[in-house]
Amino acid sequence: MLFLLLLIGTSIISAQEVQKDGKIKIYCDVMCVQYNLFKADVNAVVDFGIADKAKNANGWIYDTSVNKKHSFASPMSVFAYMAKRGWEYKDAIIITESSGMKGTQNVWHFILTKEVPINYTNEDVIGDIDYRNK
C-alpha cells in the first residue's frame, strides 16, 4: 500500500514538472467532428481542462469574424491552427460510437501539450482562441 501511494505521488509530481525555463506543460483534448457528409470539413471541440463544472468542460472553436463554429478543411487544419498558438501533438485516442443510419463511427480525440508559466491563467491556456461552451 505504501509503495502504491509513493508511486502515485511521484506520478503527480512529474505531471507538473517544472521545465528549465520555469514553465510547466499543460494538456488539452481536441475532438474533430465531421459535419458535412460529402466533404472532410470538421468543427473542433476542445477541452482545455480549465472548467469548474463538467457541463462547461468542452467548447467549440468559433470563427469570430462570422460568429459561427470555425470550419476546418480537415483534422490537420485543426492541428495547424492549434500549432500557431503554441500547442503540440502528444497522443491520440480513438473512441468507437454507434450512430443511427451511419452505423459505427470512430471519433478521434487528440491530446495536445503547451508550455506555460508556472502561475498561468486561463488566458495563457486559451490565448486568442474563440472558445465557447455552446
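When all heavy atoms of F110 and A92 are compared, the pair lying nearest together is CD2-CB, 3.9 Å.
Under the rule for a side chain to side chain contact (heavy atoms under 4.5 Å, CB included), the partners of I93 that lie at least two apart in sequence or sit in another chain are I95, H109, I111. The side chain to side chain donor-acceptor pair (under 3.5 Å) search around T113 returns none, not counting sequence neighbours. Checked against salt bridge (Lys or Arg N to Asp or Glu O under 4.0 Å), D130 has the following partners two or more places apart in sequence or in another chain: R132. For V116, the side chain to side chain contact (heavy atoms under 4.5 Å, CB included) partners two or more places apart in sequence, or in a different chain, are I24, I26, K114, Y120, D124.
Counting heavy atoms from C-beta outward, I61 and V46 have side chains that approach closer than 4.5 Å. The closest side-chain heavy-atom distance from F48 to I126 is below 4.5 Å. At a threshold of 4.5 Å between non-hydrogen side-chain atoms, the residues V42 and V33 do not count as touching. When side chains are defined from C-beta on, H70 does not count as touching Y62, because their heavy atoms never get closer than 4.5 Å.
Note on W60: it does not cluster hydrophobically with V66, by side-chain heavy-atom contacts below 4.5 Å among ILVMFWY residues.
The backbone N or O of F72 lies less than 3.5 Å from no partner atom in the side chain of N43, so there is not a single donor-acceptor pair.
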Counting only pairs under 3.5 Å, give me each side-chain donor-acceptor contact of residues 73-88, with atom names and distances, residues two or more places apart or in other chains.
| unit_1 | atom_1 | unit_2 | atom_2 | d |
| --- | --- | --- | --- | --- |
| S74 | OG | M76 | N | 3.3 |
| S74 | OG | S77 | N | 3.4 |
| R85 | NE | D128 | OD1 | 2.8 |
| R85 | NH1 | Y81 | O | 2.8 |

